[in-house]
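Both ligands and their constituent atoms are indexed starting at 1 by order of listing. All values below were derived from every heavy atom in this structure, side-chain atoms included, with hydrogens, water molecules and symmetry-related copies excluded.
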Amino acid sequence: MRDGDAYLKEHRDEHLSQLMDLLRIPSISALSEHKPDMRRTAEWLAAEMRRIGLTRVEIMETGGNPVVYAERADNPGGPTALIYGHYDVQPVDPLDLWVTPPFEPEIRDGKLYARGASDDKGQVFMHLKVIEAMLAEEGRLPVNLKLLIEGEEEVGSENLERFIAEHRDLLKADVVVISDTALYARGVPSLTYALRGLAALEVHVTGAKGDLHSGAFGGAAPNAAQALVRLLATLHRPDGGIAVAGFYEQVRPLSQEERDAFSALGFSEEALMADLGVSALPGEPGFTALERLWARPTLEINGIFGGFQGEGTKTVIPARAGAKITCRLVPDQDPERVLDAIEAHLKANCPPGVKLEIRRMGGAPAAMTPIDHPAIRAAMQALSEAYGAEARFIRTGGSIPVVGTFGRVLGTPCVLMGFGLEEENFHAPNEHFHLENFDTGMRALYRFWHHLAETMK
Ligand SMILES: [Zn+2]
């Protein structure tokens with residue numbers, strides 16, 4: 001099997017200078033003054049896609065910033081992968097904290113500094129260069145590829161779901177590959193195979209018709225703030241578990257293979273405590289902190305409001321109080337069923353004398369590609385070979401909405417083959433990309449497409 005190493009090495013300077021050209025375009029999707037830059041970036045990508053030999057390259061309208069689409073089908077009947085990425089970037093303020101300006105890329109200490117270097121222009125560019133290398137070395141691609149690069153990820157991918165739904169046939173693929181996440185740590189090849197979902201609600205408690213004087217009514221009138229905190233306190237057990245009946249019912253248990261893979265990472269709970277400046281890591285019993293962060297659901301009170309908030313004392317019995325609650329969900333929890341369970345619990349435990357109103361704020365299920373999926377196995381093999389170290393399975397406690405969109409709309413599983421590092425200041429001043437992962441990541445992607453062709457044929 002060819003590996004593209006020589007080609008990528010030989011063209012490295014040229015590739016880096018092209019990437020710098022791409023990074024110089026200030027494609028900040030949140031600021032309308034950059035509208036023309038969004039289109040310029042899309043045009044830059046489309047031109048590059050045409051130049052390296054992709055076909056059907058098209059800038060497609062979405063109602064917002066355009067997406068760039070391209071494909072190449074060298075393997076009739078063979079597996080097809082859809083590469084998703086984004087060309088838009090986050091705003092750059094505060095500007096004075098940047099060592100060099102965000103849109104004047106510079107390499108220092110083996111790291112490329114610029115907005116978008118890692119998230120996500122750098123990683124999108126890696127895919128283009130791997131395609132270029134495969135076509136130069138072999139004249140064809142080992143799998144059929146489609147590319148969908150959008151320009152609104154940093155502003156919530158507002159138009160993407162409709163775009164995907166309207167172009168189902170065009171985007172049809174066996175697997176979606178996304179390079180927009182981070183490795184577990186420097187030098188540790190790792191693959192994210194699951195993300196948590198979300199469910200959100202608000203609880204509102206109302207007592208008397210209005211706020212009351214505690215001298216006149218204290219001792220008899222229901223206090224909305226007290227009722228609220230009593231109610232909220234019933235949501236968790238003293239041991240840290242969640243007390244809502246049925247909350248854990250649909251949770252897919254961690255397999256022994258997953259627990260072993262997590263524990264092999266050597267995650268330090270002491271280091272996390274030191275990082276956070278806390279003396280304990282409370283949570284559900286029976287699981288390590290890492291297992292709780294990645295693979296167990298949570299119920300968090302995000303905010304409490306009600307009563308007197310001003311300076312000094314006010315002898316008032318508040319008539320209203322409320323709280324915002326969100327849950328991180330894991331496979332296979334259904335957000336609606338979780339919200340049903342919480343609603344039933346709150347109604348059953350509401351203290352006397354107050355009215356309870358629950359506002360459901362929606363949610364999204366967790367996403368997971370099973371670790372024995374052929375595309376996951378191909379990615380693990382490619383990462384291990386390129387990095388010369390055994391690749392690790394990791395999850396993330398957060399959510400990437402687009403992964404859910406691909407699952408829901410196309411029914412396609414995602415492989416999250418990201419090459420960033422958490423310390424690379426995504427969304428912050430001095431964003432950078434370790435060039436060791438630019439180089440080794442491309443070597444991994446080159447191998448991945450070949451392994452995918454074998455495992456999914
Ligand atoms: Zn990103």
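No donor-acceptor contact under 3.5 angstrom links the side chains of Glu106 and Thr100, judged on distance only. When only modelled atom types and interatomic distance are considered, Thr41 and Lys121 share no side-chain donor-acceptor pair under 3.5 Å. The closest side-chain donor-acceptor pair between Ser399 and Arg328 falls under 3.5 angstrom.
The shortest heavy-atom contact between Arg196 and Trp294 is CG-O, 3.8 Å.
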How far apart are the C-alpha atoms of His11 and Glu132, what are their side-chain angles, what is the distance that settles it, and do they pass the side-chain hydrogen bond (donor to acceptor under 3.5 Å, both in side chains) test? CA-CA 11 Å; His11 293 83; Glu132 175 187 306; 5.6 Å; no
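Residue pairs meeting the ring pair (Phe, Tyr, Trp, His ring centres under 6.0 Å) criterion with at least one partner in residues 396-432, sequence neighbours excluded, are Tyr84-Phe406, Tyr113-His432, His432-His434.
For a distance threshold of 2.8 Å, the protein N, O or S atoms nearer than that to the Zn ion (ligand 1), listed by chain and number, are His86 NE2, Asp119 OD1, Asp180 OD1, Asp180 OD2.
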